[in-house]
Amino acid sequence: MKNVVLIGFMGTGKTSSGKMIANQLGFKFIDMDRAIEKKWGMTIPQMFEQHGEAFFREKEKEMCREVAGKKSVVISTGGGTVKDPDNVAILKQSGKIVCLMASVEAILERTATIGQRPLLDAYEDRRQGIVELLEQRKAMYAQADYTVDTTDMSPLQVSRDVISFMKRR
């Protein structure tokens, strides 16, 4: 079975569902954002604050190349990873891309903590920020091989759905 690459907006369940998918398949789980933080010794909010988004996106591309070279992994990408077409091409070579989606209200509820999401924290109206960013990324998320709406699903339900898709491929 190919790697599972989870894309999608913040708060759609990439980490929680990804861990379950990996566990059920006997794969290793890689959260790209956590791997970036570990490798460069600072949090993503610190990277944005100290070096800017361009610096973070370069580190993200390096991590895409690194994780795409692994086998039997579930890769949870950052919400904006697919903004770069090179990242999408790199990840498509490694596995099947599954996009997790959710309603604006669900995302708003799941990303309510201030200080954890630099892109959303920059918006005075967080809901409007989510709407704008989702619209900007719609075409990018449409590149997925499969899409799951996680709004009313538990991580276990999402993992079963994704595994069922992977087994059909």
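- Summarising the geometry, atom CD belonging to Glu58 is positioned 10.5 Å from atom CD1 belonging to Ile36; distances are rounded to the nearest 0.5 Å.
- Side-chain polar atoms of Gln136 and Glu132 form no donor-acceptor pair below 3.5 angstrom.
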Pair Ile7-Gln143, side-chain contact (heavy atoms from CB on, under 4.5 Å): steps then yes or no: CA-CA 10 Å; Ile7 67 169; Gln143 300 172 86; 5.9 Å; no
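- For NZ of Lys2, the number of neighbouring non-hydrogen atoms (other residues, nucleotides, ligands) closer than 6.0 Å is greater than 12.
- Inter-residue side-chain proximity for Ile21 and Phe27 is flagged as unmet; no heavy-atom pair is nearer than 4.5 Å.
- Ion pair Lys14/Asp31 not flagged as a salt bridge, since none of the NZ, NE, NH1 or NH2 atoms sits closer than 4.0 Å to an Asp/Glu carboxylate oxygen.
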Give the C-alpha distance, both sets of side-chain angles, the deciding distance and a yes or no for side-chain contact (heavy atoms from CB on, under 4.5 Å) between Glu66 and Glu62. CA-CA 6 Å; Glu66 191 176 311; Glu62 289 177 36; over 6 Å; no
Let me see the working for Arg110 and Ser16 under side chain to side chain donor-acceptor pair (under 3.5 Å), right down to the final yes or no. CA-CA 12 Å; Arg110 295 172 188 173; Ser16 55; over 6 Å; no
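- Aromatic ring orientation, Phe48 versus Phe56: tilted (interplanar angle from 30° to 60°).
- We find the CE-OG1 distance between Met10 and Thr111 to be 7.0 Å, quoted to the nearest 0.5 Å.
- There is no side-chain donor-acceptor pair under 3.5 Å between Arg160 and Ser164.
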Given side-chain contact (heavy atoms from CB on, under 4.5 Å), test Leu100 with Val158 step by step and report yes or no. CA-CA 9 Å; Leu100 302 185; Val158 173; 3.9 Å; yes
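- Ion pairing between Glu37 and Arg34 holds under the 4.0 Å rule for side-chain N and carboxylate O.
- Between Phe29 and Thr15, some side-chain heavy-atom pair lies under the 4.5 Å cut-off.
- Taking hydrophobic clusters as Ile, Leu, Val, Met, Phe, Trp and Tyr residues chained together by side-chain heavy-atom distances below 4.5 Å, Phe55 shares a cluster with Met63.
- Val67 has its side chain out of reach of Asn3: every pair of non-hydrogen atoms, C-beta onward, lies at least 4.5 Å apart.
- The shortest side-chain heavy-atom distance between Arg126 and Ile107 does not fall under the 4.5 Å cut-off.
- For the pair Val88 and Pro85, the minimum side-chain heavy-atom distance is 4.5 Å or more.
- In this structure, Ala144 and Cys99 approach most closely via the heavy-atom pair CB-CB, 3.6 Å.
- No more than 12 heavy-atom neighbours from other residues, nucleotides or ligands sit within 6.0 angstrom of CG on Asp152.
- Here the closest heavy-atom approach between residue Thr151 and residue Ala106 is recorded as CG2-CB, 4.1 Å.
- Grouping the Ile, Leu, Val, Met, Phe, Trp and Tyr side chains by contacts below 4.5 angstrom, directly or via other members, places Val104 with Met140.
- Pairs passing the side chain to side chain donor-acceptor pair (under 3.5 Å) check and including a residue from residues 42-54, sequence neighbours excluded, read Thr43-Gln46, Glu53-Arg57, Glu53-Lys83.
- A single hydrophobic cluster is not seen to contain both Ile90 and Tyr141; linkage of ILVMFWY side chains at heavy-atom distances under 4.5 Å, directly or through other members, places them apart.
- To the nearest 0.5 Å, atom CG of residue Asp145 and atom NZ of residue Lys96 are 4.5 Å apart.
- Between Ala102 and Asp149, the closest heavy-atom pair is CA-OD1, 3.8 Å.
- Checking side-chain atoms of Ser154 against main-chain N and O of Gln157 turns up a donor-acceptor pair under 3.5 Å.
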Kindly indicate, with the supporting measurements, whether the criterion side-chain contact (heavy atoms from CB on, under 4.5 Å) is fulfilled by Ile75 and Ser94. CA-CA 10 Å; Ile75 302 164; Ser94 142; 4.2 Å; yes
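- For residues 69-81, every residue pair satisfying the side chain to side chain donor-acceptor pair (under 3.5 Å) rule, not counting sequence neighbours, is listed here: Glu60-Thr81.
- Residues Met20 and Val5 do not share a hydrophobic cluster, clusters being chains of Ile/Leu/Val/Met/Phe/Trp/Tyr side chains in contact below 4.5 Å.
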